[in-house]
Amino acid sequence: MIDTHAHLMFPEFKDDIVNVLKRAKDAGISKIINVGCDLKSCKSSVEMGAKYPELFGTLGMHPYEAQFVNDSLMNEWRKLILENKKIVAIGECGLDYFKAKVEKEIQKKAFILQIKLAKEFDLPIIVHNRDADIDCLEILDEEFADLKKVPVVFHCYGSDLEFARRLWDRGIYTSFTGIITYPNARELREVAREVPMDLFMVETDCPYLAPQSYRGKRNESSYVLEVVREIARVKGISFKEVEKISTLNAEKFFELNQR
Ligand code: NI
């Protein structure tokens, strides 16, 4: 299995990262995408990718960090991407209108700058979207003539089934976290039931969003098993099959076998 979205550089893992990685390995997780979301975590993402063979890095600024995204940062990232084969994606980046802490226009500008960099290097894009469905899709449609040719994932998918269908029509992936195991996540389970087999991935988004059986605790990569189990249950197929397909999807999406 592959945990396609973790933040193992966060302080929550400072004291026991080695044990966290060992438990993940023992649970059958062979690779982890260790996602950057601000200046500090991007730096750690690259460093940890160099240190741990199973970790792959990304460069991305969460929408709440949008004010720090500018041309000079993109230039720094250009250098990092050229020097580091283990930087496998741009993101997480996108739009978050939930608390609208940062002005929408500033968020959009930052999202577009990061998309343009991804285009330049043919890197996949990890999208963070909260309450901004239409604007996210509008920007992607404007930036790409044919989204089917570009690996884009809406991570921690949380919108409705109708919007998911619009994404799938464009070849955009949806990725599921432990939220899918929460009792009130009925609609999300419907999305998982309907998602085409070639357009989904699994993730923890740890340290956040621990699945139901660990709820309230720190989440970690080994718990991605719970997400696989729940998708298998709602799709009415075996754990093994979801394990296999989600792994193939992630390897293809991030081109992990070429790194
Ligand atoms: Ni995240």
**Q** Between Glu241 and Lys244, does any side-chain N to carboxylate O distance fall below 4.0 Å?
**A**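 No, this pair does not count.
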
**Q** Is the distance between the ring centroids of Phe56 and Phe254 less than 6.0 Å?
**A**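 Here the rings of Phe254 and Phe56 have centres that are no less than 6.0 Å from each other.
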
**Q** Flag the pair Lys116 and Asp71 as a salt bridge only when some basic side-chain nitrogen lies within less than 4.0 angstrom of an acidic carboxylate oxygen.
**A**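 Salt bridge between Lys116 and Asp71, a charged N being under 4.0 Å from a carboxylate O: no.
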
**Q** Looking at Asp169 and Arg165, does any basic side-chain N land under 4.0 Å from a carboxylate oxygen?
**A**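 No, Asp169 and Arg165 are not salt-bridged.
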
**Q** Is the side chain of Lys85 donor-acceptor paired with the backbone N or O of Arg259 at a distance under 3.5 Å, no angle test?
**A**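 It does not hold such a pair.
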
**Q** Does Tyr173 form a ring-ring contact (aromatic ring centres under 6.0 Å, His included) with Phe200? I'd like the steps, not just the answer.
**A** CA-CA 5 Å; Tyr173 290 66; Phe200 78 93; 9.1 Å; no

**Q** For the residue pair His5 and His155, categorise the inter-ring angle as parallel (less than 30°), tilted (30 to 60°) or perpendicular (more than 60°).
**A**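 Parallel.
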
**Q** Could you point out which residue of Lys51, Met9, His7 forms a side chain to side chain contact (heavy atoms under 4.5 Å, CB included) with Ser44?
**A**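 Running side chain to side chain contact (heavy atoms under 4.5 Å, CB included) over Lys51, Met9, His7 with Ser44 returns exactly one hit, Met9.
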
**Q** Tell me whether the rings of Tyr157 and Phe163 are parallel (<30°), tilted (30 to 60°) or perpendicular (>60°).
**A**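 Ring orientation, 0 to 90° scale: parallel.
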
**Q** Can you check salt bridge (charged side-chain N to carboxylate O under 4.0 Å, His left out) on Lys25 and Glu54, steps first, answer last?
**A** CA-CA 9 Å; Lys25 196 176 173 194; Glu54 65 269 54; over 6 Å; no

**Q** Kindly confirm or rule out a cation-pi arrangement of Lys149 over Phe144, judged by NZ or CZ under 6.0 Å from the six-membered ring centre and within 45° of its axis?
**A**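 Not satisfied by the 6.0 Å and 45° rule.
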
**Q** Hey, is Arg218 close enough to Glu220 for a salt bridge, meaning N to O under 4.0 Å?
**A**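 Glu220 and Arg218: salt-bridged.
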
**Q** Decide, yes or no, whether a salt bridge links Lys43 with Glu47 under the criterion of side-chain N to carboxylate O below 4.0 Å.
**A**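 Judged by the 4.0 Å cut-off on N to carboxylate O distance, Lys43 and Glu47 do form a salt bridge.
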
**Q** With side chain to side chain contact (heavy atoms under 4.5 Å, CB included) as the criterion, how do Leu59 and Ser45 come out once you've worked through the C-alpha distance, each side chain's angles and the decisive distance to 0.1 Å?
**A** CA-CA 8 Å; Leu59 297 173; Ser45 175; 5.9 Å; no

